[in-house]
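Just so it is clear, the model here is predicted, and its values are computed rather than measured. In what follows, every chain begins at residue 1, and chains take the letters A, B, ... in the order their sequences are listed.
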Amino acid sequence: MAMIEVKNITKSYGDHTVLKDFSVDFDQSGVTVILGPSGTGKSTLLRCINGLEKTNSGDILVDGLSVNDKKNLKQIRMTCGMVFQHTVIFPHLNVMENLIMSPMKILKTPKGEAIDKARYYLKKVGLESKEKSMHNELSGGEQQRIAIARALMMNPKALLLDEITSALDPEMTREVQNVLESLAADGVCMLCVTHEMSFARDVASRILFLDGGSIVCDAPKDEFFGKIRQENDRINKFLSFIGE
Amino acid sequence: MQEVHVMGQYSQLAVGDIYTFLEACGVTLLVTLVSLVLGTLLGTALGLVRCSKNKIISSLPLIIMEPLRNSPLVVQLFLVYYGLPMVFGILLDAYPAAILTLSLNTAAFFAVLVHNSITAIPVSQWEAGYALGHGKASTFVNVIFRQALRLLIPQAITLYINQLQCSSMISLISLRDICRIGQLVSVRTMQPFLVWGIVFALYYVISFPLARLASYLEKRVNFSY
């Protein structure tokens, strides 16, 4: 059984249907990069998986739990940690407090243990010297790395990453990508919406290409950038347009 | 001769007046503090209900808030003190009438501050809390409330200062607050500049530290997203 099963979901905002009778499965392994033009439902898909958006029809099962049942949302959100496009560090807490607050409140992790774990993940994202910093003392890239570390603190089985480098300059994007590459090497499962083709080429194991709320292509990375790109005009046009 | 005769009817400001003014400060502070505490509690409840996603529920507090925010305090005071006994047979002494009116008035304005402070927190902060596994209540307590509080505190202190000054209205229902004693002493001594200068100074001495605290907190809690 796949870890995430998206079953025939439809999601509309008013008259605009973003995802149409959409189905896909994700296993608890590898890095899936979700590509496609803006407005095709990539971010909406991640938000639906995390239960932040209600679907109009269909169901999503995460580890067998339906997102349509409110009682499951807490467990689902702990199973699938999410990092957003715009950084959402809690501004009233310093870096360490940002990391340990949720494990202590939700997982009831003892403070000392939570701090040790936070230091481990801060080291992992290269920010071990910033544990006392407030959000306004951090660059955008550092804030995103903190957000990744904060998500990892909840022991998720998968990370949902929603265009997390789109608001960053190239240097900061590289910093964040290095962290993601390191996590991928450690075997962390990731579903990643991005326009960073270098990340898709270097790290992805599977590419999902969406257009008009449907899957145009679901293929292993090598096949996607090779045979499929050559055969599929839509994909070739998209990749050429973004300079790939 | 006539001028001397007229001046002779008035007495000078005496040491005893200092005690009278101090007692009046006590009345002003008592009525204001009790009203602010009650108003803050009621205003918090109304403000939280205003934040409900259900439009009908969120509109309910407006039934209380809008009339109170859009009518003069003195009119509200007269309605409670003089009006209630006539219509409903509820006869309130001056103290409870003053406290009830000031509490309701404070609650109406405080509810707006609570509502605005909570809705000013970006939706992304709620979502970040949810995404970490917090429920609605936990996200509110651990993420939203603490940020909203930092926005609320300086505004609340400004409201408190304003309500302290508005409490001078209670002199109109014969409570012997600072303003009322100012009227009495001014008439008795015929030294309005001196007496109202003292009244001015007393309000200033009470309000100024609060105003400084508000501006200090405003600088301390200023953060961007």
Side-chain angles (χ1 to χ4, degrees), chain A residues 43 46-47 49-53 67 70-94 97-109 134-137 140 143-144 146-156 159-162 167, chain B residues 40 44 47-48 51-58 113-157 213-225:
Chain A
S43 296
L46 294 193
R47 291 172 65 82
I49 292 171
N50 205 253
L52 292 173
E53 300 282 350
V67 292
K70 274 189 175 179
K71 285 181 217 154
N72 296 333
L73 284 180
K74 183 177 173 183
Q75 186 56 45
I76 286 170
R77 286 167 177 161
M78 285 196 288
T79 304
C80 298
M82 186 158 180
V83 183
F84 299 88
Q85 179 178 8
H86 298 289
T87 49
V88 275
I89 297 294
F90 301 136
H92 59 298
L93 304 175
N94 68 24
E97 289 164 341
N98 258 279
L99 263 65
I100 65 173
M101 188 258 283
S102 300
M104 284 172 61
K105 301 282 179 192
I106 299 168
L107 303 175
K108 307 295 177 199
T109 308
M134 298 303 288
H135 85 295
N136 53 7
E137 297 162 343
Q143 290 192 39
Q144 282 298 44
I146 296 296
I148 293 167
R150 190 177 64 183
L152 290 168
M153 288 289 290
M154 301 303 287
N155 310 321
L159 276 183
L160 311 179
L161 308 171
D162 184 11
Chain B
T40 300
T44 303
L48 291 175
C51 295
S52 168
K53 280 186 182 172
N54 183 313
K55 282 187 179 174
I56 295 171
I57 292 174
S58 72
L113 300 186
V114 170
H115 177 236
N116 288 351
S117 299
I118 291 171
T119 52
I121 308 301
V123 175
S124 57
Q125 292 287 321
W126 285 94
E127 290 186 342
Y130 293 150
L132 286 165
H134 293 271
K136 196 171 183 179
S138 177
T139 302
F140 180 78
V141 172
N142 295 302
V143 180
I144 304 301
F145 175 73
R146 288 179 61 183
Q147 293 179 50
L149 200 60
R150 296 172 81 161
L151 298 176
L152 177 67
I153 288 172
Q155 299 180 74
I157 293 175
L213 180 66
S215 82
Y216 169 75
L217 289 172
E218 211 157 357
K219 282 178 195 151
R220 276 292 303 270
V221 304
N222 187 20
F223 56 75
S224 56
Y225 288 95

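For the pair B:Asn142 and A:Met101, the minimum side-chain heavy-atom distance is below 4.5 Å.
Scanning for salt bridge (Lys or Arg N to Asp or Glu O under 4.0 Å) contacts around A:Glu53 gives A:Lys11, A:Arg47, with sequence neighbours left out.
Heavy-atom distances place both the backbone and the side chain of A:Phe90 under 4.5 Å from chain B. The contact between A:Leu93 and chain B is made entirely by side chain atoms (from C-beta outward), counting heavy-atom distances below 4.5 Å. Only the side chain of A:Lys105 has a heavy atom closer than 4.5 Å to any heavy atom of chain B.
Of residues 130-137 of chain B, those residues with a non-hydrogen atom less than 4.5 Å from any non-hydrogen atom of chain A are, in numerical order, B:Tyr130, B:Ala131, B:Leu132, B:Gly133, B:His134.
Considering every non-hydrogen atom in both B:Arg150 and A:Pro91, the closest pair reads NH1-O, 4.3 Å.
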